[in-house]
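The structure appears below as structure tokens.
Fair warning: this is a prediction, and the values are worked out from it, not measured in the lab. Residue numbers start from 1 in every chain, and the chains themselves are labelled A, B, ... in the order their sequence lines are given, proteins ahead of strands.
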Amino acid sequence: MPKTNAELAAILQEMADLNEILGANRFKVIALQKAARVVGDHAVALAALGADELKGLDGIGKGVAGRIAEWAQTGRVGELDELRERVPEGLPGLLNVPGLGPKTVQLLWKEAGVASVEDLKSALEDEERVAAVASIKGMGKKKLEGLRKSLAFLERSAGRVRIGTAMNLAELLLERVRGFEGVAEATHAGSLRRGRETIGDIDILVRTDGDEGVRAGIAKAFTGMDLVRDVLAEGVTKASVRVAAGDGPEVQVDLRMVPSSSFGAALMYFTGSKEHNVAMRERAQVRGMSLNEYGLWKGKAPRQGVGEADQLVAGASEAEVFEALGLAWVPPELREDRGELGKAEADDLPRLIEVGDVVADLHTHTTASDGALSIEAMAEAAMARGLKVLAITDHSKSQVQANGLSAERLLEHAAEVREVARRLKGKITLLAGSEVDILADGSLDYPDEVLEQLDVVVASPHAALSQSSEVCTKRLVLAIEHPCVRIIGHPTGRLINRREGLSPDIPRLIEAAREHGVALEINANHYRLDLRDAHAALAVKAGVPLSINTDAHGEADFGQLRFGVLTARRAGATKADVVNCWGVKKLMGWLGA
DNA sequence: GCCGTTTTCGGCCCGACTGTTTTCAGTCG
């Protein structure tokens, strides 16, 4: 069995959890958590690397490298096995219950015999056991009530929500918050602003120069919204709630309020990532300053940001804080502590692609297969969004459930596309293409002489998505080598939170794509975002072009473009790296159309 | 457990809020 980074990350995370519950040194716990994160985010399988290469990675030292080697060789980690013997199997799951930390979990276990989330649920319903739980020090009436609510929340929430879902909810909330008395400005921060594919909670930052009374009023209006299901906290600088819109998932939303003089520092602070913030604060310290959510200060930061005005170096805007630390402004999508500060210091940050740079969509569908609009209506929608090039790429014949086109229907359809293209000449360039299935063996769903007649061929995997890494790598490389293929669509076929998809050897795909001049897609649909950020970053590094496409099946789907662009930005892509941003002439030359 | 332009030992971010603590611990981000 191949050993994936996700499995390894889970092992390290479990070691962190078990150590935490057992009361180990907290910095050891933090180190293990960091190692789990680094491993989970790494684009190349770590099981195959040697100890020296492993130790070169940030956050991985002798200890973790040794355990990775042990796991790679034996499939086990001795220390984890020992830890598991000391703690009931379901106990770490309790750490996921909001409001429960390692101290309380340990007390629940040792003093009330609670061994899992399920067990806690039944204990809270059982009179005798509730008494045992309530007798724990610090466990009062409100704590118990909070636990009941947290357990209900866990059942209703979907865990991390997809970025598209979170963005919709955030925009709805921002509209409300901007209407509250005393709010000068409101914006989203956190992982949503960094463009991560899934979001744990929504952070909203409010700029207000009102006094405590005004801020308390904003917090009250926020917690009083009709979308609010639970209120977790309500103070004069922050409030925290759980909300749900319609039948959507329940999501935690944190609101923070800061004065104008601190808005930039606070925006940085709440945008994160945590690791980026730590690196920034360390940088401030080295320069005899300190950085918190209220600003950058000479010497030690005053409590609550209320101090001598002459101590404040910067704080009103992000740019001035970066500048005062000798750095260029770092785009939020790059704030992951993966070397961005070094580049910012050398003024060597890439000029990231923006939504407005995209002038072509090379992967869309019409009523000919499973889309909702005609060729003409799709072209109108594309023009309304300012696109200069649109490729119509309906499904191929194996996609029976999607009304995939037979070779004959495809050629008729292509003729229709070209007819509409003639009518719209000068307004938009319409291309006749296909999203052709990459079959399980790597062959394509149409014969070459059919594919040769098209302007653009996007080849995508749709079925056989549980193939082994080795088999699917060969399959995708074969498609890349096909002379008609220009773009590999959603290369892994994953659906976020729903389906794992393929796990090909990404460096090999990139190498093949480079050799054959093929682009790899970032499918912008927020269910897909495939390639994912880390993989797209490898492509950019290797000089392999990306293609950001919406895979639109209707008018609204064109709006998904922003999520594809966010993913490309996280990968460090500039507009030169993305074929959809090229001029029409250059793009047509590349397509050979 | 990790890391090194003060360090191979001794640090490791820090402020807000809650609940039940009569002075602060736990949790969270």
field: A:E282 CD - B:dC12 C1' separation (whole Å)
entry: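 Nearest whole value for this atom pair: 8 Å.
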message: So A:K141, base contact, sugar-phosphate only, or nothing? Heavy-atom distance under 4.0 Å.
response: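 If one applies the 4.0 Å heavy-atom cut-off, A:K141 turns out to touch the sugar-phosphate alone, with no base involved.
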task: Quick one: label A:V236 by what it contacts on the DNA or RNA (base, sugar-phosphate, nothing), any heavy atom closer than 4.0 Å.
output: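 Contact class for A:V236: sugar-phosphate only.
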When you compare the protein's N or O atoms with those of nucleotides 6-11 of chain B, which come within less than 3.5 Å of each other, and at what distance?
none

message: Tell me which pairs pass salt bridge (charged side-chain N to carboxylate O under 4.0 Å, His left out) where either residue lies in residues 8-27 of chain A, with sequence neighbours left out.
response: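 The answer is A:E14-A:R84.
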task: Can you tell me which residue pairs pass the salt bridge (charged side-chain N to carboxylate O under 4.0 Å, His left out) test with a partner in residues 46-56 of chain A, sequence neighbours excluded?
output: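 Applying salt bridge (charged side-chain N to carboxylate O under 4.0 Å, His left out) to every pair that reaches into residues 46-56 of chain A, excluding sequence neighbours, yields nothing.
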query: Any side-chain heavy atom of A:W297 within less than 4.5 Å of one from A:L312?
result: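 In contact.
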side-chain contact (heavy atoms from CB on, under 4.5 Å) involving A:P331 - partner list, sequence neighbours excluded: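 Scan of A:P331 (side-chain contact (heavy atoms from CB on, under 4.5 Å), adjacent residues dropped) gives A:W329, A:E333, A:L334, A:L349, A:L352, A:R569.
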- prompt: With sequence neighbours excluded, what pairs up with A:R287 under the side-chain contact (heavy atoms from CB on, under 4.5 Å) test?
  reply: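 With neighbours one apart ignored, the set is A:R283, A:M289, A:L325, A:E345.
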Report the nucleotide, chosen from [options], that has the shortest atom-to-atom distance to any side-chain atom of [X].
X	options	answer
A:Q285	B:dC14, B:dG1, B:dG19	B:dC14
A:A233	B:dC3, B:dT18, B:dA16	B:dT18
A:T237	B:dG15, B:dA16, B:dC2	B:dA16

Please list, chain by chain and in numerical order, all residues satisfying salt bridge (charged side-chain N to carboxylate O under 4.0 Å, His left out) with [X], sequence neighbours excluded.
X	answer
A:E354	none
A:R162	none
A:E234	none

query: What residues form a side chain to side chain donor-acceptor pair (under 3.5 Å) with A:R528, not counting sequence neighbours?
result: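 Expected list: none.
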query: Using a heavy-atom distance cut-off of less than 4.0 Å, which residues of residues 18-31 of chain A contact DNA chain B?
result: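 When residues 18-31 of chain A is checked for heavy atoms under 4.0 Å from DNA chain B, the hits, listed by number, are A:N25, A:F27, A:K28, A:A31.
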- prompt: Any side-chain N or O of A:S240 under 4.0 Å from OP1/OP2 of B:dC17?
  reply: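 Negative; the distance criterion is not met.
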Donor-acceptor contacts, no H, no angles, side chain residues 94-108 of chain A, under 3.5 Å, sequence neighbours left out:
residue : atom : partner : partner atom : Å
A:Q106  : NE2  : A:I21   : O            : 2.9

task: Can you check each nucleotide of nucleotides 22-29 of chain B against protein heavy atoms at under 4.0 Å and return B for base, S for sugar-phosphate only, - for none, in 5' to 3' order?
output: ----SSSB
